[in-house]
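Only this structure's heavy atoms are used, side chains among them; waters, hydrogens and symmetry mates stay out. Below, read A as the first sequence line, B as the second, and so on, with proteins coming before strands; counting in each chain starts at 1.
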Amino acid sequence: MIGPLIKGLRITFGHLFKPAITVKYPYEKREVAKRWRGRHLLRVDEQGRELCCYCGLCEAVCPANAIRIYGMEDPTFTRSDVGKIAEIYEIDYRRCIFCGFCAEACPRGAIVLTTDYELAEPEREKLLQTKEVLLEKR
Amino acid sequence: MSTVKVTIDGITVEVSPAATVLEAAKVAGVDIPYFCYHPHLKPAGLCRMCLVEIEGMPKLAPACVTQVRDGMVVYTKSDKVRKAQEGVIEFQLLHHPLDCPICDQAGECALQDITFRYGKATSRFIEEKELYPTKFYGPLIVHEQSRCILCKRCVRFSTEVMGGADWNVYWRAAHSIIGAYEKDVVANYFTANLVEVCPVGAITSRLYRYKTRIWKLEFSESVCPNCELACSVDLGVRENRLYKVKHNNPHPTPWMCDKAYFAFDYVNHSERIVWTLKREGDKMVSVSSSDAVSEIASRLSEYRGKIGFVVDASVSFEDALKVRALAEALECRDCDYRVYGEDYLPLEGSVKSLSDIESARAVAVFCGDVGISHPVLALSMAKAKMAGTKVAVVSSFDTYLGERATEYIVPLPSKEADCVEALLDGSYRDDLGVDKSEFERVLEIVKEAEVFVVGTRADAYLRNRIKGFAEGAGKKVLFLNTGSNALGMCRAGLFSEGVGNILEKVKAGELKALFVFNADLFNTYPNRELVKEALESVEFMVVSDVFFTDTASYADFFLPATTFAEADGTVFDLFGNERKRKRVVVPTEDVKDISAWIELIADAGEISLPDVQEKEPSVAVVEKKAEPLDGKGLEALVVFPFYRSALYSNWCSKFSEVSSSPVVHLSLEDASRLGVSKGDKVVVESSGLKFEFEAALEEFLPEGACVLEAGFDRFPVTALLKGSWLTKVEIKKA
């Protein structure tokens with residue numbers, strides 16, 4: 001009768017002297033896999049020009065209908081090397097399911113999913129990610 | 001033998017012996033891929049995509065140019081054909097940049113679709129591709145030679161349908177490029193078709209350029225609001241905004257004009273007034289629509305019997321009926337749609353479809369610029385001329401059809417009607433001021449003509465005269481009217497003695513209030529002074545329009561109106577057919593169509609609107625007007641140029657760019673006398689008013705005449721006029 005009790009307590013006390021596996025989250029962060037699908041990023045080239053040329057494939061492939069884009073001309077080629085950029089690029093994080101199809105469909109590697117998983121916002125409206133937020137800042 | 005039997009992929013069909021294998025395959029329901037074939041252009045056999053195997057023929061044959069034979073057996077899916085198709089696609093893609101992500105054609109691109117279906121997934125071509133720079137041909141179209149597959153559809157459209165040779169292939173073989181010779185701007189009224197026929201993204205529209213993707217647009221069928229032909233169009237909408245207008249089906253022709261294709265962006269314009277305005281002192285302040293409606297209604301009883309109604313001829317039949325119902329309920333008789341000061345009502349012609357014109361042996365066109373007023377009609381006449389129809393044009397200014405006609409006489413604007421009458425009489429008169437031999441040649445065509453087309457400049461007297469003559473001589477007549485729904489307006493009974501009469505009555509104080517729907521009288525009525533005086537003396541005025549026009553600035557109340565894309569409605573086309581406009585864009589809450597506004601006003605004022613019936617126009621015998629032109633100088637005809645003649649062209653971005661400054665067209669003789677050359681600035685002066693125009697030289701203008709362009713924002717040329725579009729002006733070099 002006393003045997004199992006001792007056995008149980010041994011496990012309990014045994015853990016007391018082992019290193020803790022809990023991560024103190026806001027102060028410590030876990031490393032995630034390289035292919036983690038987190039916050040989107042609109043990439044730019046070496047000269048800071050946007051890679052996205054609004055081909056609309058991410059918008060078309062998105063199963064959750066979370067992406068909304070409108071394009072415009074860039075006649076001076078200052079913002080894009082092909083003269084076409086997205087005027088509006090929105091990803092709605094209230095809808096996004098982080099499937100990563102958008103990144104897979106993108107012919108220019110303009111949209112990628114990063115390892116940033118801290119997506120919570122205090123207001124629902126802020127979950128609508130605009131181009132200014134998504135664009136890679138240099 | 002009337003038909004022949006052809007077997008295609010085991011399906012036997014009977015077709016006409018004149019058919020090609022491709023047409024027979026369409027009948028059989030067999031899909032043969034093609035790029036250069038177009039059902040309304042002559043076959044060219046250029047792209048080789050439609051190669052098929054025909055029993056008894058050693059080599060593959062292009063289906064689009066191979067005529068059928070009785071008992072012909074065709075295979076379209078054999079290994080040999082598959083291999084050829086793969087090869088053709090590989091060749092087509094050799095220099096293709098594959099820039100589908102950027103290209104506006106992606107999604108409706110024949111090359112994309114056919115490659116996907118018939119091509120190989122990989123290319124063996126590893127060498128560098130030949131790329132060409134992008135070329136912008138003016139504000140309307142952009143040409144990307146790199147994407148071109150040299151199917152020559154655009155070139156064939158230009159030469160076969162439009163009858164011009166400036167859009168063509170230059171250089172040879174592998175170095176061939178398509179383009180306009182020594183021209184930087186291509187804006188020829190039918191530029192839209194170059195974009196529409198292009199199977200790839202080589203020619204694209206600058207209006208739609210890069211805005212959205214084609215698969216995001218939802219297309220619905222509607223009707224173009226710009227002229228009486230009421231062409232079927234597809235309106236492409238995304239998120240309640242209109243992005244694209246496409247030709248929908250061959251009604252009335254397979255082609256469309258630039259007005260339909262490029263002049264619709266005013267619908268999304270940021271300057272649109274989408275709330276109700278009320279005058280307070282000198283300012284217009286925003287009020288709620290219900291307040292505005294009840295205030296208008298409360299003031300109406302005061303003016304019972306003393307209200308004038310002016311409606312633009314582009315509004316729908318239902319709206320016109322409602323306006324008349326309100327007018328009748330308020331015991332007012334003065335309602336009219338003829339805002340361009342016309343004195344005629346639509347006369348019923350005997351032409352019932354465009355094929356009557358296309359199949360005629362000879363056609364005579366009188367008094368008008370059909371190319372501007374009814375572009376697609378002019379196009380089909382130009383096409384008929386190339387197919388052998390004789391076309392005679394009698395017009396003092398014609399920008400499109402004249403130079404493409406068999407015979408063209410250009411009388412002085414004041415002699416235009418006399419000249420037509422002399423032709424009907426069949427006798428030449430010396431005072432017409434036209435060459436006798438030219439007159440005789442036109443007379444011969446007029447005698448032979450099966451169809452008369454009467455342009456918008458012909459007045460009521462001349463129209464009756466032509467109608468009488470044509471009925472006597474057994475000829476068909478087609479009467480053209482200004483405004484896209486003139487026939488509907490007339491059927492709705494929305495006419496009295498003309499807009500001029502209403503304005504005179506307002507000025508004299510007989511009418512105290514005025515309702516103006518969708519019309520900017522300052523821009524359209526050919527007497528600016530009268531409009532100004534009338535609007536200054538009117539006690540109460542309500543304007544309903546899309547934009548805050550000069551006319552609206554005199555209003556006591558401004559009610560925001562819908563555009564053609566925002567309200568359902570019926571219009572009547574040139575031939576009297578009913579055509580339906582569809583609501584594809586939902587406007588904001590305050591924006592309502594005329595019917596809705598009138599119903600609200602009637603409800604608020606407890607006015608019961610009577611059921612109005614269609615009204616037969618009274619055919620009055622009109623006396624010939626014989627007002628000699630007084631003043632010194634040149635006879636000046638004021639016209640709206642094509643790129644200012646669409647609805648709200650001042651708010652159509654591309655149209656404003658094409659025709660950015662007003663031009664005066666001078667005859668070569670007058671120009672050399674004045675020492676003016678093309679592009680010079682000239683001052684046009686009449687009764688103390690001065691306007692600066694840019695000069696253009698016109699080969700087909702008689703000495704002593706000039707043409708002034710109207711329709712420009714903040715350029716009130718109508719101030720020169722006194723009720724007719726013809727006046728006299730003095731021209732000096734600036």
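- More than 12 heavy atoms of other residues, nucleotides or ligands sit less than 6.0 Å from atom CD of B:Glu108.
- Applying the salt bridge (charged side-chain N to carboxylate O under 4.0 Å, His left out) definition to pairs two or more places apart or across chains, those involving residues 9-32 of chain A are A:Lys29-A:Glu118.
- When atom types are taken as modelled, the side chain of A:Tyr54 and the backbone of B:Lys211 share no donor-acceptor pair closer than 3.5 angstrom.
- Within 6.0 Å of the CH2 atom in B:Trp215, the count of heavy atoms belonging to other residues, nucleotides or ligands exceeds 12.
- For A:Tyr25, the OH atom is densely surrounded, since the number of other residues' heavy atoms within 6.0 Å is greater than 12.
- The line from CD1 of B:Ile102 to CG of A:Asp81 is 7.5 Å long, rounded to the nearest 0.5 Å.
- Most heavy-atom pairs under 4.5 Å with chain B: of the set A:Glu87, A:Arg108, A:Arg68, this distinction falls to A:Arg68.
- Contact annotation for residues 120-140 of chain B against chain A (heavy-atom separation below 4.5 Å, listed by residue number): B:Phe136.
- There is no contact between B:Tyr208 and chain A, counting heavy-atom distances below 4.5 Å.
- Contacts with chain A were tallied for B:Arg238, B:Glu239, B:Arg209; B:Arg238 has the most, counting heavy-atom pairs under 4.5 Å.
- Within 6.0 Å of atom OH in A:Tyr117, more than 12 heavy atoms from other residues, nucleotides or ligands are found, so the atom counts as buried in its surroundings.
- Of the listed residues (A:Leu57, A:Ile69, A:Ile85), the one with the most heavy-atom contacts under 4.5 Å to chain B is A:Ile69.
- In terms of modelled atom types and a separation under 3.5 Å, the side chain of B:Lys216 and the main chain of A:Tyr70 share no donor-acceptor contact.
- Heavy atoms only, all atoms of each residue included: A:Gly83 and B:Tyr210 are closest at O-CE1, 3.4 Å.
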